[in-house]
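Bear in mind that the values here come from a model prediction, so they are computed numbers and not experimental data. Chain identifiers are assigned alphabetically (A, B, ...) following the order of the sequence lines, protein sequences preceding nucleic acid strands; residue numbering begins at 1 within each chain. Computation of the quantities below employed the complete heavy-atom set of this structure, encompassing side-chain atoms and omitting hydrogens, waters and symmetry-equivalent molecules.
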Amino acid sequence: MKFLCVDCNVQMNYEDRQVPGDGTFAAAYVCPACNRRIAMLANPMETQLVEALGVQVGGKTLEAQPMDLVRRTMEGKDDAFEDAPDRPPPGGGRSAPPRWTEEAEARLSRVPAFVRGMVKRIYAEYAAERGLPEITPEIMDRARTELGLEGM
Amino acid sequence: MKHRTYHDLTEADRSRMGEQVAGQRRRVEDRLSEVKRVVAVMSGKGGVGKSYITSILAHGLARRLTGGVGVIDADLSGPTAARLLNARGPLVVDEEGVHPAAGRDGIRVMSTDLLLPEGNPMRWRGSQQDGFVWRGALEAGTLREFLGDVVWGQLDLLLVDLPPGSNRLQDLIELVPGLTGALAVTIPTEDSRRSVERAMQAARDAEVPLLGVVENMSGATCEDCGVRAPLFPGDAGRALADQFGVALMGSIPFTRSTEPPEEIGVLVDALLRTLS
């Protein structure tokens with residue numbers, strides 16, 4: 001899917017995406033010639049369809065986690081997955097793993113257990129890649145929008 | 001003014017959807033690079049014991065092949081393979097991916113049975129609006145991750161237990177272009193023959209090599225007198241094999257035992273001969 005600024009006859013550039021938490025998503029595009037901005041608003045069915053394809057509007061910004069689609073979308077049992085004991089920490093152990101604030105931990109605890117381990121790792125890798133020492137609800141919001149973590 | 005069309009727009013697209021999909025395909029290809037053969041076990045009809053045949057076949061093959069045997073239970077909403085092969089979770093995740101559960105005889109197993117809460121049907125999170133539009137894509141995506149995100153490692157043979165119908169076979173063909181072939185399972189009845197015929201024709205139309213036919217519930221042996229008698233009327237296994245010009249690889253009787261019947265040896269021999 002591409003967007004054309006009809007007035008300028010120029011392809012519009014992807015700018016950012018937003019995940020409001022109501023099962024929909026929005027992707028903003030800007031015309032490089034006239035700076036006109038538009039947003040593509042996807043309804044819940046369209047959002048699910050994009051999710052089902054395992055692709056991301058705006059491109060993937062982190063390496064996909066194993067069985068990312070299944071864990072994001074299926075209603076699975078709490079103890080279906082466990083991390084290997086010797087799995088390297090997020091960021092590959094190059095620096096200390098980011099610390100979780102109490103508020104961020106509380107919010108994470110509301111994520112279904114089936115997917116919680118993967119989501120925790122995604123947030124931690126997001127923070128580690130950006131050199132963020134701490135994960136707060138605000139960082140989670142930012143990551144959720146950038147990474148398209150619908151409902152997480 | 002006539003404006004440019006999709007193919008006229010050649011500037012870099014940051015979403016790179018095509019590349020994302022190609023990346024998914026590559027992941028499957030890379031993962032299966034050490035798997036020598038991928039065989040689909042299919043039937044157009046439900047209730048013929050396809051998962052049972054898959055499990056006893058895997059069991060028999062694992063005792064003959066030293067390079068390892070794996071099973072993907074692609075019957076996502078009616079999974080039974082994990083239980084039949086005595087495979088249990090939790091599934092271990094590391095940097096390589098998700099490790100399959102180990103079943104009896106070291107058979108590597110992936111099934112939604114290892115993921116779903118006991119007694120719960122398969123459900124998807126998020127909006128259920130117009131589920132008929134996206135549900136099929138999610139199921140195909142699940143099969144893709146079972147193939148591409150599971151650490152299968154080196155295997156002599158990976159069996160894919162397909163659900164009734166031919167849709168999942170199409171998904172499998174697209175994900176595994178080098179599919180070794182398909183084994184069809186039927187019971188003796190005419191109804192079953194008609195359904196399995198359609199599934200075999202679908203496989204043939206898709207240029208999937210038909211490896212053979214297995215007739216399940218092919219009679220039962222009286223536990224008292226030892227006489228084997230038909231359980232159902234018909235000879236669908238022989239009829240389908242003749243119609244498609246393939247071997248009737250085995251006729252497996254109904255048994256109450258949890259141990260694989262001795263006839264499995266004939267089936268394993270026939271499959272290995274065909275694959276060699």
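Within the model, atoms CH2 of B/Trp124 and CZ of A/Arg72 stand 13.5 Å from one another, a figure rounded to the nearest 0.5 Å.
Using a 4.5 Å cut-off between heavy atoms, B/Arg135 does not touch chain A at all. The contact between A/Gln65 and chain B is made entirely by backbone atoms, counting heavy-atom distances below 4.5 Å. Contacts of B/Arg16 with chain A are absent, with no heavy-atom separation under 4.5 Å from either backbone or side chain. In this structure, the portion of B/Leu114 lying under 4.5 Å from any heavy atom of chain A is its backbone and not its side chain. With a 4.5 angstrom heavy-atom cutoff, A/Asp79 touches chain B only via backbone atoms. Of the atoms belonging to A/Asp78, not a single heavy atom falls under 4.5 Å from chain B. Only the side chain of B/Val150 comes within less than 4.5 Å of a heavy atom in chain A; its backbone stays farther off. Looking at B/Thr112, only its side chain comes within 4.5 Å of chain A, counting heavy atoms on both sides.
Residues B/Arg125 and A/Thr73 form no side-chain contact, since every pair of their non-hydrogen atoms from C-beta on lies 4.5 Å or further apart. For the pair A/Met74/B/Met122, a side-chain contact is recorded, criterion being any heavy-atom separation below 4.5 Å from C-beta on. No side-chain heavy atom of B/Tyr6 sits under 4.5 Å from any side-chain heavy atom of A/Met1. No side-chain heavy atom of A/Asp83 sits less than 4.5 Å from a side-chain heavy atom of B/Asp94. Using a 4.5 Å heavy-atom threshold, the side chains of A/Gln11 and B/Thr10 count as separate.
Comparing B/Arg144, B/Arg27, B/Glu118, B/Gln128 by how many heavy-atom pairs each has under 4.5 Å with chain A, the most go to B/Arg27. Among B/Glu19, B/His3, B/Glu139, B/Arg123, the residue making the largest number of heavy-atom pairs under 4.5 Å with chain A is B/Arg123.
For B/Lys36, the NZ atom counts as loosely surrounded, since its 6.0 Å shell holds 12 or fewer non-hydrogen atoms of other residues, nucleotides or ligands. Within 6.0 Å of CZ in B/Arg83 there are 12 or fewer heavy atoms belonging to other residues, nucleotides or ligands. More than 12 heavy atoms of other residues, nucleotides or ligands lie within 6.0 Å of CZ in B/Arg104, so this atom counts as buried by the packing criterion.
In this structure a side-chain-to-backbone donor-acceptor pair under 3.5 Å is missing from A/Gln48 to B/Gln129. In this structure a side-chain-to-backbone donor-acceptor pair under 3.5 Å is missing from A/Glu82 to B/Leu91. Under the 3.5 Å distance criterion, the side-chain polar atoms of B/Arg4 are left unmatched by any main-chain donor or acceptor of A/Leu4.
Between B/Glu95 and A/Arg87, at least one side-chain N (NZ, or NE/NH1/NH2) sits under 4.0 Å from a carboxylate O, which counts as a salt bridge.
When all heavy atoms of A/Phe81 and B/Leu115 are compared, the pair lying nearest together is CZ-CD2, 3.5 Å. Nearest approach of B/Thr142 to A/Leu69, heavy atoms of both residues: N-CD2, 4.1 Å. Heavy-atom minimum distance, B/Lys2 versus A/Asn9: O-ND2, 4.1 Å. The heavy-atom pair separating A/Met67 from B/Val98 by the smallest distance is SD-CG2, 3.7 Å. The shortest non-hydrogen separation linking A/Pro66 to B/Val93 is CG-CG1, 4.0 Å.
B/Trp134 pairs with exactly one of A/Thr47, A/Leu49, A/Leu53 by the side chain to side chain contact (heavy atoms under 4.5 Å, CB included) rule, that one being A/Leu49.
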